Asker: 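Here it is: the structure, laid out below.
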Amino acid sequence: MNGFNNNLLLDKTILVAGAGKGIGLACALMAAECGANVVAVARTQSDLDALIAQHPKNITGWAMDVSSNEFFDLMNTLPYLHGLVNNAGINRVGPMDKQTNDNIDAVIDLNIRTLYKISRAAIAPMRRAGNASIVNMSSQMGFVGSPNRTLYCMSKHAVEGVTKAMAVELAADNIRVNTVAPTFVMTPMTAPMFEDETFKTFVFDMIPLGRLGKVEDVANSCTFLLSELAAMITGTSIKVDGGWTAR
Ligand SMILES: NC(=O)c1ccc[n+]([C@@H]2O[C@H](COP(=O)([O-])OP(=O)(O)OC[C@H]3O[C@@H](n4cnc5c(N)ncnc54)[C@H](OP(=O)(O)O)[C@@H]3O)[C@@H](O)[C@H]2O)c1
């Protein structure tokens, strides 16, 4: 169990995009533990089945691509939406002069364009809810650069920028918009990176707190931002980076 009251998100409907593994899975689980009705979206049905088995009463799974028409059609059927976690994201690591056009398109498509489109689709059911919160999953790479990560950094800097713009525009609708910006967290996305000992040493040397983030560290901040505890917080970021960007 987490450290929040289990009524913190009671009766809120919260959609988590990219909820089958890693950070999104932890965010979906914590929201459900705090009483929310969670719509968990990912392409792998077995991941969703395992998640739903933990909270069958208040998690619904949509097994689909969050960039598909099918997904946006379903979003349009939501009567209300109180929370959105825009967590689906990818990385294509490599030196800038070796990045293919396909890599550039894939990262921009999911990390920026789809995030914008999901947020756009969330506005109508969030207006009907009267009070809502969007959490965009950014990264410490939304604040700094790092070797072989310029493409990813571009996308996450865009996430930081669009978050501020959305916060200003949607404040009139009582929709708050913030980011959570983690350092490296061990997930299926990053596990292969840590097989490289040199890279692992580089990462640990960069984090003053001396450890990787845990998915729960990220979910804690996400849950806070989704809740009324963060009622006056919009247009900003919680860096869950162990001090990486403070150097
Ligand atoms: N891990 C880190 O160190 C780290 C650090 C900073 C920021 N982040 C950010 O945190 C987010 C999550 O990262 P993660 O490491 O947890 O990733 P992950 O382990 O790859 O998990 C991503 C989840 O999103 C789903 N997903 C991906 N593309 C999707 C799509 N098009 N439609 C529907 N679902 C999709 C995946 O399931 P399916 O493949 O089954 O669809 C999976 O459940 C990303 O935005 C990432 O940039 C991660």
Side-chain angles (χ1 to χ4, degrees), residues 15-30 38-52 59 61-72 74-75 84-93 105-119 121 134-144 146 148-149 151-160 162-163 179-194 199-200 202-204 206-207 211-219 221-222 237-242 244-245:
L15 188 146
V16 182
K21 300 180 177 78
I23 290 170
L25 172 62
C27 292
L29 257 182
M30 202 176 281
V38 174
V39 179
V41 194
R43 292 164 298 189
T44 308
Q45 181 72 58
S46 54
D47 286 345
L48 294 176
D49 291 345
L51 168 62
I52 292 165
I59 302 182
W62 294 357
M64 58 187 62
D65 192 314
V66 292
S67 58
S68 65
N69 291 336
E70 185 193 8
F71 169 69
F72 290 108
L74 263 184
M75 271 200 86
L84 165 65
V85 184
N86 260 321
N87 170 76
I90 51 168
N91 194 356
R92 294 285 182 267
V93 178
D105 290 346
V107 170
I108 289 176
D109 268 349
L110 186 60
N111 294 13
I112 307 176
R113 186 178 288 122
T114 298
L115 177 144
Y116 184 97
K117 288 171 73 177
I118 300 173
S119 306
I134 297 175
V135 179
N136 292 327
M137 198 54 66
S138 175
S139 166
Q140 63 187 11
M141 300 306 175
F143 294 90
V144 295
S146 200
N148 297 325
R149 282 174 167 72
L151 176 57
Y152 184 73
C153 289
M154 172 172 71
S155 74
K156 294 302 187 181
H157 277 70
V159 170
E160 290 299 330
V162 78
T163 296
T179 75
V180 174
T183 186
F184 284 91
V185 179
M186 189 65 91
T187 68
M189 178 196 271
T190 55
M193 302 175 191
F194 290 105
F199 177 74
K200 197 170 165 185
F202 162 73
V203 167
F204 277 78
M206 288 293 287
I207 302 175
R211 68 166 174 88
L212 299 179
K214 294 185 281 192
V215 292
E216 291 79 13
D217 294 324
V218 184
S221 291
C222 189
S237 175
I238 299 182
K239 294 176 192 165
V240 185
D241 71 354
W244 180 303
T245 59

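None of these values were measured; they are calculated from a predicted model. Whatever order the structure lists ligands and atoms in, that order sets their numbers, starting from 1.
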Asker: So for atom OH, which belongs to Tyr116, do other residues, nucleotides or ligands contribute more than 12 heavy atoms lying within a distance under 6.0 Å?
Answerer: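 Counting other residues, nucleotides and ligands, OH of Tyr116 stays at 12 neighbours or fewer.
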Asker: Could you go through the side chain to side chain contact (heavy atoms under 4.5 Å, CB included) check for Val218 and Met137 one step at a time?
Answerer: CA-CA 9 Å; Val218 184; Met137 198 54 66; 3.9 Å; yes
Asker: Could you say whether the N/O atoms of Ala19 and ligand 1 ever approach to under 3.5 Å?
Answerer: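 By distance alone, the answer is no.
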Asker: Please check if the side chain of Thr187 supplies one atom and the backbone of Met189 the other of a donor-acceptor pair under 3.5 Å.
Answerer: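 Yes; at least one donor-acceptor contact below 3.5 Å.
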Asker: Would a distance-only check, ignoring hydrogens and angles, find a side-chain to backbone donor-acceptor pair under 3.5 Å from Asp47 to Lys21?
Answerer: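 Absent.
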Asker: What protein heavy atom sits nearest atom 18 (P) of ligand 1, and how far off is it?
Answerer: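 So the nearest neighbour among protein heavy atoms is Met189 CB, 3.8 Å.
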Asker: Considering heavy atoms of the protein only, find what lies nearest to atom 25 (C) of ligand 1 and give residue, atom and distance to 0.1 Å.
Answerer: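 Looking at atom 25 (C) of ligand 1, the protein heavy atom closest to it is Gly18 CA, 3.5 Å.
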Asker: By number and element, which atoms of ligand 1 are closer than 4.0 Å to a non-hydrogen atom of Gly22?
Answerer: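 So the answer, numbered in order with elements, is 16 (O).
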Asker: Side-chain contact test, heavy atoms from C-beta onward, threshold under 4.5 Å: evaluate it for Thr190 versus Val185 and give yes or no.
Answerer: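 Heavy-atom side-chain distance check fails, nothing below 4.5 Å.
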Asker: Heavy-atom distances under 4.0 Å are what count here, so tell me which part of Met64 touches ligand 1: side chain, backbone, both or neither.
Answerer: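 Under 4.0 Å from ligand 1, Met64 contributes backbone atoms alone.
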Asker: Within a distance under 4.0 Å of any heavy atom of Gly89, pick out the atoms of ligand 1 and give their elements.
Answerer: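 Going through ligand 1 atom by atom, the ones under 4.0 Å from Gly89 are 44 (C), 45 (O).
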Asker: Out of Thr163, Thr114, Asn86, which one pairs with Ser119 under the side chain to side chain donor-acceptor pair (under 3.5 Å) rule?
Answerer: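 The single option meeting the side chain to side chain donor-acceptor pair (under 3.5 Å) with Ser119 is Asn86.
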Asker: Can you pull out the closest protein heavy atom to atom 15 (O) of ligand 1? Residue, atom name and distance to 0.1 Å, please.
Answerer: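 Nearest protein contact, heavy atoms only, for atom 15 (O) of ligand 1 is Thr187 OG1, 2.5 Å.
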Asker: With atoms numbered from 1 as shown, which atoms in ligand 1 lie under 4.0 angstrom from a non-hydrogen atom of Lys21?
Answerer: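 The list of qualifying atoms is 21 (O), 40 (O), 42 (C), 43 (O).
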Asker: Show which atoms of ligand 1 fall inside a sub-4.0 Å distance from at least one heavy-atom site of Gly20.
Answerer: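 Counting atoms of ligand 1 from 1, those under 4.0 Å from Gly20 are 43 (O).
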Asker: For the aromatic rings, using the six-membered ring if either is Trp, is the centroid distance between Phe184 and Trp244 under 6.0 Å?
Answerer: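 Aromatic pair counts; centres sit under 6.0 Å.
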Asker: Kindly indicate whether the side chain of Leu110, heavy atoms from C-beta on, has any atom under 4.5 Å from the side chain of Val66.
Answerer: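 When only atoms from C-beta onward are counted, Val66 and Leu110 do touch, with a gap below 4.5 Å.
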Asker: Does any part of the side chain of Met75, heavy atoms only, come nearer than 4.5 Å to the side chain of Trp62, both counted from C-beta?
Answerer: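 When only atoms from C-beta onward are counted, Met75 and Trp62 do touch, with a gap below 4.5 Å.
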Asker: Determine, counting only non-hydrogen atoms of the protein, whether one lies under 4.0 angstrom from atom 36 (C) of ligand 1.
Answerer: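 Looking at atom 36 (C) of ligand 1, one finds that no protein heavy atom lies closer than 4.0 Å.
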Asker: Do Met154 and Ile108 come within less than 4.5 Å of each other through their side chains, counting heavy atoms only?
Answerer: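 A side-chain contact under 4.5 Å exists here.
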Asker: Output yes when the distance from some N or O of ligand 1 to some N or O of Asp65 is under 3.5 Å, and no in every other case.
Answerer: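 Yes, there is a polar N/O contact under 3.5 Å.
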Asker: Give me the residue, atom name and distance of the protein heavy atom closest to atom 4 (C) of ligand 1.
Answerer: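 The answer is Ile23 CD1, 3.9 Å.
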Asker: Mark whether atom 22 (C) of ligand 1 lies under 4.0 angstrom from at least one protein heavy atom.
Answerer: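 Flag for atom 22 (C) of ligand 1 set to false, no protein heavy atom closer than 4.0 Å.
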Asker: For atom 47 (O) of ligand 1, which candidate among Tyr152, Phe184, Phe194 provides the closest heavy atom?
Answerer: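 It is Tyr152 whose heavy atom sits nearest to atom 47 (O) of ligand 1.
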Asker: Counting non-hydrogen protein atoms only, what is the nearest one to atom 10 (O) of ligand 1? Give residue, atom name and distance.
Answerer: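 Residue, atom and distance for the closest contact: Met137 CG, 3.3 Å.
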Asker: Just going by heavy-atom distances, which of Val85, Leu48, Thr190 is nearest to atom 2 (C) of ligand 1?
Answerer: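 Ranked by closest heavy atom to atom 2 (C) of ligand 1, first place is Thr190.
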Asker: Applying side chain to side chain contact (heavy atoms under 4.5 Å, CB included) to Met64 and Leu74, what does each step give before you reach the verdict?
Answerer: CA-CA 10 Å; Met64 58 187 62; Leu74 263 184; 3.5 Å; yes
Asker: Does any N or O atom in Pro182 lie less than 3.5 angstrom from one in ligand 1, N or O only?
Answerer: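 Looking only at distances, the answer is no, because the N/O contact criterion of under 3.5 Å is not met.
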Asker: Under 4.0 Å, counting heavy atoms only: does Lys156 come that close to any atom of ligand 1?
Answerer: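 So Lys156 counts as touching ligand 1.
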Asker: Can you tell which of Asn87, Thr44, Leu51, Val16 gets a heavy atom nearest to atom 44 (C) of ligand 1?
Answerer: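 Answer by nearest heavy atom: Asn87.
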Asker: What's the separation between atom CG in Asn111 and atom NE2 in His157, rounded to the nearest 0.5 Å?
Answerer: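 If I round to the nearest 0.5 Å, the distance is 13.5 Å.
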Asker: Classify the contact between Ser138 and ligand 1 as side chain, backbone, both or neither, using a heavy-atom distance cut-off of under 4.0 Å.
Answerer: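 The answer is the backbone of Ser138.
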Asker: Compute the minimum heavy-atom distance from Thr183 to ligand 1 and say whether it is under 4.0 Å.
Answerer: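 Thr183: in contact with ligand 1 (<4.0 Å).
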Asker: Side chain, backbone, both or neither: which part of Leu110 comes within less than 4.0 Å of ligand 1 when only heavy atoms are counted?
Answerer: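 Only the side chain of Leu110 comes within reach of ligand 1.
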Asker: Check whether any N or O atom of Ala42, backbone or side chain, sits under 3.5 Å from an N or O atom of ligand 1, and answer yes or no.
Answerer: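 So ligand 1 has no N or O lying under 3.5 Å from an N or O of Ala42.
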Asker: Given side chains that start at C-beta, do those of Asp241 and Phe143 come closer than 4.5 Å, heavy atoms only?
Answerer: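 SC-SC contact between Asp241 and Phe143 ruled out.
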Asker: I would like to know whether Cys222 and Val85 meet side chain to side chain contact (heavy atoms under 4.5 Å, CB included); could you show each step before the answer?
Answerer: CA-CA 8 Å; Cys222 189; Val85 184; 3.7 Å; yes
Asker: Got the closest protein heavy atom to atom 32 (N) of ligand 1, with its distance?
Answerer: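 Protein heavy atom with the smallest distance to atom 32 (N) of ligand 1: Val66 N, 2.9 Å.
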Asker: Indicate whether the side chain of Asn136 and that of Ser138 have a donor and an acceptor atom separated by less than 3.5 Å.
Answerer: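 The answer is no; no qualifying pair exists.
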Asker: Note the single closest protein heavy atom to atom 27 (C) of ligand 1, along with its residue, its atom name and the distance in Å.
Answerer: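 Atom 27 (C) of ligand 1 sits closest to the protein heavy atom Arg43 NH2, 3.4 Å.
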Asker: What residue and atom, counting heavy atoms only, is the protein's closest point to atom 3 (O) of ligand 1, and at what distance?
Answerer: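 Protein heavy atom at minimum distance: Val185 N, 2.7 Å.
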